[in-house]
Undergrad: 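Sharing a structure below in structure tokens format, with a few things to ask.
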Amino acid sequence: MFSPYFVVQALWLFLPAYVANMAPVFLAKIFPKWDAPIDGGRARGDGTRLLGDGKTWRGLIGGAVVAALVALLQSFRPWDLVTDFGRASWGSILAPLAIGFMFGLGALVGDAVKSYFKRKSGRPRGAPWIGPDQLDFVVGGLLFAFLTGLLLGAIDPSFQWAETWFVHMWWIPPTLIVVTPLLHWLVNVIGYWLGLKEVPW
Ligand code: CTP
Ligand code: MG
């Protein structure tokens with residue numbers, strides 16, 4: 001039976017990727033000079049950029065590092081063994097650091113891949129693209145973390161993190177795909193009410 005508790009678990013699991021997805025905007029304010037774009041300024045034949053100046057190495061790497069720290073902090077406050085990012089079961093902080101980093105890196109690689117197709121489809125930097133804009137980092141983050149979990153499981157078969165969250169608890173990824181756009185919308189509406197945003201989307 002579906003339970004609201006699954007949503008709480010899913011949000012806890014994906015928190016490093018949510019933070020990674022928001023981190024680049026703040027990192028851009030803190031380190032304005034580290035603005036080297038991932039595409040190195042390269043453009044297509046028609047002059048449009050491959051990714052654009054909105055996708056920097058600072059955002060990509062910085063976001064992944066922040067996500068690793070978030071997962072590490074979370075791993076010390078688990079309420080059961082599935083929510084500890086593998087720390088207790090493996091007896092090492094390596095698992096939360098590796099999985100958290102890859103949640104963040106995957107989220108931001110997903111975001112950059114989205115920008116590639118966004119530019120290709122003629123949408124300029126910052127233009128909205130409903131759907132891909134909300135789900136790019138969910139797909140990327142889940143994929144990278146799942147593969148990292150499988151890799152750690154191949155090194156030590158007692159490490160069952162990927163199987164637990166993605167096979168045994170197969171409903172977790174679909175839950176995130178449904179809940180994330182709703183959450184995104186809610187955050188924007190609240191931001192608009194508080195006067196932090198000009199428009200409610
Ligand atoms: N950012 C960054 N590096 C990244 C991702 C984001 O530095 N890898 C920063 C940029 O300053 C960017 C801002 O975070 O402008 C907001 O991110 P996002 O909305 O993803 O980028 P956009 O500028 O809207 O570009 P796009 O249209 O390609 O999504
Ligand atoms: Mg944008």
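Excluded from the calculations below are hydrogen atoms, water molecules and symmetry mates; all remaining heavy atoms, backbone and side chain alike, are included. Just so you know, ligand 1 is whichever comes first in the structure, and atom 1 is the first atom listed for that ligand.
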Undergrad: Any protein heavy atom under 4.0 Å from atom 17 (O) of ligand 1?
TA: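 No, there is no protein heavy atom closer to it than 4.0 Å.
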
Undergrad: Should you measure from each heavy atom of Arg119, which atoms of ligand 1 turn up under 4.0 Å away?
TA: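 Listed by number with element: 26 (P), 27 (O), 28 (O).
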
Undergrad: Taking a hydrophobic cluster as the set of Ile, Leu, Val, Met, Phe, Trp and Tyr residues connected by side-chain heavy atoms closer than 4.5 Å, whether directly or through intermediates, do Leu72 and Trp79 fall within one such cluster?
TA: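 Different clusters.
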
Undergrad: Looking at Ser115, which atoms of ligand 1 are within less than 4.0 Å of one of its heavy atoms?
TA: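 Close to Ser115: 26 (P), 28 (O), 29 (O).
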
Undergrad: Which option wins on minimum heavy-atom distance to atom 8 (N) of ligand 1: Val109, Thr56, Asp133, Leu108?
TA: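 Nearest option to atom 8 (N) of ligand 1, by heavy atoms: Thr56.
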
Undergrad: Tell me whether the NZ or CZ atom of Arg42 lies within the 45° cone about the ring axis of Tyr116 and under 6.0 Å from its centre.
TA: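 That pair does not qualify as a cation-pi contact.
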
Undergrad: Going by an N to O cut-off under 4.0 Å, is there a salt bridge joining Asp111 and Lys55?
TA: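 Result for this pair is yes, salt bridge flagged.
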
Undergrad: If hydrogens are left out, which of Val25, Leu60, Asn21, Ile38 has an atom nearest to atom 14 (O) of ligand 1, that is, the closest non-hydrogen atom?
TA: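 Looking at heavy atoms only, Val25 sits closest to atom 14 (O) of ligand 1.
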
Undergrad: Does Asp111 reach ligand 1, in the sense of a heavy atom lying below 4.0 Å from it?
TA: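 Judged by the 4.0 Å heavy-atom criterion, Asp111 does count as contacting ligand 1.
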
Undergrad: I need the nearest protein heavy-atom contact for atom 23 (O) of ligand 1: residue, atom name and distance, please.
TA: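 So the nearest neighbour among protein heavy atoms is Arg125 NE, 3.1 Å.
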
Undergrad: Assess whether a salt bridge exists between Asp133 and Lys118, defined as any Lys/Arg side-chain N lying under 4.0 Å from an Asp/Glu carboxylate O.
TA: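 The answer is yes: the pair qualifies as a salt bridge.
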
Undergrad: Which atoms form the tightest heavy-atom contact between Ala88 and Asp84, and what is the distance?
TA: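 Taking Ala88 first and Asp84 second, the nearest heavy atoms are N-OD2, 2.7 Å.
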
Undergrad: Counting distance only, does the side-chain N/O of Asn21 pair as donor-acceptor with the main-chain N or O of Ala17 below 3.5 Å?
TA: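 Pair absent, no side-chain N/O of Asn21 close to backbone of Ala17.
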
Undergrad: Shared ILVMFWY cluster between Trp34 and Ile30, side chains joined below 4.5 angstrom?
TA: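 Yes, Trp34 and Ile30 fall within the same hydrophobic cluster.
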
Undergrad: Could you find the nearest protein heavy atom to atom 19 (O) of ligand 1 and give me its residue, atom name and distance?
TA: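 Minimum-distance protein heavy atom for atom 19 (O) of ligand 1 reads Lys55 NZ, 4.9 Å.
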
Undergrad: Out of all atoms in ligand 1, which are within 4.0 Å of some heavy atom of Lys118? Include the element for each.
TA: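 Numbered from 1, ligand 1 contributes 26 (P), 27 (O), 29 (O).
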
Undergrad: Just going by heavy-atom distances, which of Gly59, Ala64, Gly126, Gly54 is nearest to atom 1 (N) of ligand 1?
TA: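 Considering heavy atoms of Gly59, Ala64, Gly126, Gly54, the nearest to atom 1 (N) of ligand 1 sits in Gly54.
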
